[in-house]
Structures are given as C-alpha cells and as structure tokens.
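Remarks on the structure that follows.
The first residue of the sequence shown is numbered 1, and numbering continues consecutively from there. Counting starts at 1 for both ligands and their atoms, following the listed order. Computed from a prediction, not measured in an experiment: that's the story for all the values here.
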Amino acid sequence: MNRDLKVSEQLLNWIRPEIRELSAYHVPDAAGLIKLDAMENPYRLPETLLSAWQQGLAEIALNRYPDPAASELQKRLTEAMQVPEGKSIVLGNGSDELIQMLALAVAAEGRCIMSFEPGFVMYSMIARFAGMSYVGVPLASDFTLDMAQTRAAIERHQPAVIFLAYPNNPTGNLFDAGAVEEIISLAPGLVVVDEAYHPFALSSFMSRLEAYDQLLVMRTVSKMGLAGLRLGLLCGNPALIEEINKVRLPYNINVLTQYTAGFVLENAGFLDGQAEMIRADRDHVYSQLALLEELEVFPSQANFILFRVKQGSATEVFAALRDQGVLIKNLDSPGPLQNCLRVTVGTPEENQAFMQALEQALRS
Ligand SMILES: *Cc1c(COP(=O)(O)O)cnc(C)c1O
C-alpha cells in the first residue's frame with residue numbers, strides 16, 4: 001500500500017467519524033518466532049487422522065456453494081457442545097462474526113452494548129462498527145466483578161446486550177457464577193456468556209440456558225485447536241436465535257470449514273487430551289512464574305496467563321523476549337493493565353523457552 005497516496009478530506013468525510021477514530025486491529029508478524037501471543041492451541045491435527053481428512057477434502061465440490069445452514073455441522077456441534085434440548089444455535093465465521101451479528105441485530109439510536117474492563121476488545125470495537133455506544137464497567141482491582149458498579153451501570157444504561165467472557169480475556173479468571181447469574185437476572189436485554197476458553201475452565205452456563213430466555217452462550221473452536229477454521233456458535237432460545245440468524249450472510253461457513261470441523265468433531269477424542277495437557281502445563285507455567293519475586297501473576301482458568309512486571313519495564317521485557325525468539329502480548333497501557341504482559345500456554349518446550357527468555361530478560 002502506498003501510504004503517500006492522499007485521498008481528499010471530502011471523500012474521507014463519508015466514513016463515519018466513529019470508524020475514523022478507530023485503529024485497525026493489529027496482528028504482529030510472528031514469522032520465525034515461538035508464537036505465544038494469540039491463545040492458539042500449539043498442537044496440530046494428529047498424524048493418524050491426516051490421510052483420512054485429506055481423502056475427504058479431495059471430494060469436496062469447491063464449485064458449489066456451501067450448505068447455507070450448515071445443518072450437518074450444526075447437528076454435530078449441538079451434540080459436542082451439549083446444547084440443551086429445545087435450544088437453537090447459529091454459526092459464525094469465528095465468534096467475532098457472531099458478536100457482529102448480535103450488534104447488527106440490536107443496533108438502534110441510543111442503545112448500548114455493555115461489558116467489563118479490562119475485557120475482550122472486540123465487544124467495544126464491534127459496538128462502534130455498528131454505530132452503538134459501548135459501556136465498559138471496570139472490574140475490581142483483582143479483576144473480579146464489581147457488583148455495586150455493575151448494578152448501577154445496568155440500571156443507568158439499560159444495555160441492549162451485556163457480554164461476559166467466562167473465563168475473561170485478558171485477565172484469565174473465571175467470574176463468580178453467582179454474580180454472573182445476578183447480572184443475567186438484572187439485565188433488561190440480552191446477556192451473552194462468551195465461553196471461548198471453555199476447554200480450559202470446564203465451567204459453563206450452557207445448562208443455565210433452560211432457566212433464562214435472555215441468556216445466550218457463545219462458544220468457538222478457535223482456542224481448542226482450530227483457530228484457522230474460523231467457526232463459532234451462539235446458543236439460546238430458538239425465537240431469539242432465529243432473529244439473529246436473519247442478519248447472518250448466507251454461506252458464511254465455507255465448505256472447507258464445514259467439512260473439516262465435522263471431521264474433527266467426529267474424531268474429537270484427541271482434543272480433550274490436548275486441552276488436559278494444556279491445563280496441566282498452564283498450572284506448571286503459573287507456578288514457575290509465581291516463583292519470580294519481581295512479578296505479580298494472576299490466576300488463570302484459561303490457556304494463557306497475565307502477569308505484571310516492574311513499573312516501566314513491560315515494553316523492555318516484551319522486546320527482550322522477542323529478541324530471544326518468543327512472541328507474547330504486551331498489554332501495558334495506563335489503567336488496570338499497566339505493566340502487564342500476557343503469555344499463551346504452548347508446548348512444554350515452548351513454555352520452557354519462554355521461561356528461560358523471561359528470566360534472562362528480567363536479569364538484564
Ligand atoms: C479469542 C476470543 C474470541 C474469538 O474467537 P473467534 O471464534 O476466533 O472469533 C471470542 N471471545 C473471547 C473472549 C476470546 O478471547
């Protein structure tokens with residue numbers, strides 16, 4: 001792209017001001033680095049499944065549009081994710097697209113989307129894309145829900161949708177289930193419990209769908225090992241799901257994703273094994289980090305760990321790690337994430353390389 005190429009202010013004025021104010025979601029180049037920045041599962045499809053998968057792949061009719069409803073895949077996901085009887089699902093090109101579909105479906109003058117800060121950046125970004133306002137309720141200093149502030153914010157802003165990441169990203173903790181239930185009960189609109197990290201937390205609101213019509217549970221296959229497929233699902237009351245489904249673009253789940261996700265779910269045993277390893281390795285990395293006195297380490301029920309380094313040193317530590325070939329995420333900014341870094345749990349070898357690089361970085 002030629003950055004000198006100027007376009008007239010008059011043309012740019014057609015772009016909505018709230019879009020012009022945004023900065024595009026930045027994904028750093030990870031070439032040649034140990035990639036521990038994006039909560040990916042470090043393990044690939046097992047060798048033993050490769051040839052069966054490839055055989056099926058070769059039979060896909062690439063010249064045909066996909067099944068618009070992805071019915072086969074819906075059936076498999078409903079089973080695999082234990083969606084309660086009588087509830088429906090809608091699929092997205094990643095859960096990011098489901099967040100966008102929700103925003104498009106509820107957006108109207110004066111309505112807002114609410115979530116918690118620090119939290120997942122897509123909720124606020126997508127609220128703005130959709131022309132809605134965003135209310136971020138601050139978490140307490142230990143990143144638990146501040147219920148006094150939350151009750152007041154719900155009462156005052158009457159949010160169309162409340163998003164709760166369970167466990168939360170980037171903090172890694174699981175909110176108190178009773179507090180989440182209270183939020184669901186108080187909400188005037190929809191409440192989405194985003195369970196992107198479910199395989200690592202093993203705690204879910206899926207069964208609570210029976211109790212609350214306003215509750216929607218969102219899952220994704222990204223963090224459990226299929227980030228490249230882009231597939232998420234939103235579960236809930238059929239009447240609500242049907243409305244949200246209306247803003248879904250036809251064919252949003254392509255043939256390769258439909259086939260591959262179906263194939264993997266049919267052979268899903270290995271995913272549980274991988275998640276179990278990652279949970280054990282997370283606890284191991286956590287205890288190693290906790291031994292380093294200069295760090296503040298936050299407990300995690302996800303596949304990543306948030307930690308705080310000494311005042312003013314986050315950018316330096318981040319760069320020292322990258323220079324040693326390890327890419328993590330620098331979250332340092334004024335506010336509750338000041339001096340904070342986030343590392344994704346990788347393979348034992350990757351985790352060890354990270355720990356060595358970190359110890360080196362802290363020493364220099
Ligand atoms: C990673 C993440 C997602 C995004 O999932 P995709 O399905 O890959 O779009 C959603 N919610 C939270 C909280 C996440 O951390």
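The side chain to side chain contact (heavy atoms under 4.5 Å, CB included) test applied to Arg363 returns Glu359, Gln360, not counting sequence neighbours.
When side chains are defined from C-beta on, Met114 does not count as touching Val161, because their heavy atoms never get closer than 4.5 Å.
Ring-plane geometry between Tyr123 and Phe120 is classed as perpendicular, the angle between the planes exceeding 60 degrees on a 0 to 90 degree scale with a lower cut at 30.
The neighbour count for Glu72 CD, taken as heavy atoms of other residues, nucleotides or ligands under 6.0 Å away, does not exceed 12. Under a cut-off of 6.0 angstrom, the local environment of CD in Glu47 is sparse, with at most 12 non-hydrogen atoms contributed by other residues, nucleotides or ligands. Glu276 CD: 12 or fewer foreign heavy atoms inside a 6.0 Å radius.
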Protein N/O near ligand 1 N/O, under 3.5 Å, which pairs?
unit_1   : atom_1 : unit_2 : atom_2 : d
ligand 1 : 5 (O)  : Ser95  : OG     : 3.0
ligand 1 : 7 (O)  : Ser95  : N      : 2.6
ligand 1 : 7 (O)  : Ser95  : OG     : 2.8
ligand 1 : 7 (O)  : Thr220 : OG1    : 2.5
ligand 1 : 7 (O)  : Ser222 : OG     : 3.3
ligand 1 : 8 (O)  : Ser222 : OG     : 2.6
ligand 1 : 8 (O)  : Arg230 : NH1    : 2.7
ligand 1 : 9 (O)  : Ser95  : N      : 3.1
ligand 1 : 9 (O)  : Asp96  : N      : 3.0
ligand 1 : 9 (O)  : Asp96  : OD1    : 3.3
ligand 1 : 9 (O)  : Asp96  : OD2    : 3.4
ligand 1 : 9 (O)  : Arg230 : NH2    : 2.9
ligand 1 : 11 (N) : Asp194 : OD1    : 3.4
ligand 1 : 11 (N) : Asp194 : OD2    : 2.6
ligand 1 : 15 (O) : Asn169 : ND2    : 2.8
ligand 1 : 15 (O) : Tyr197 : OH     : 2.6
ligand 1 : 15 (O) : Lys223 : NZ     : 3.2

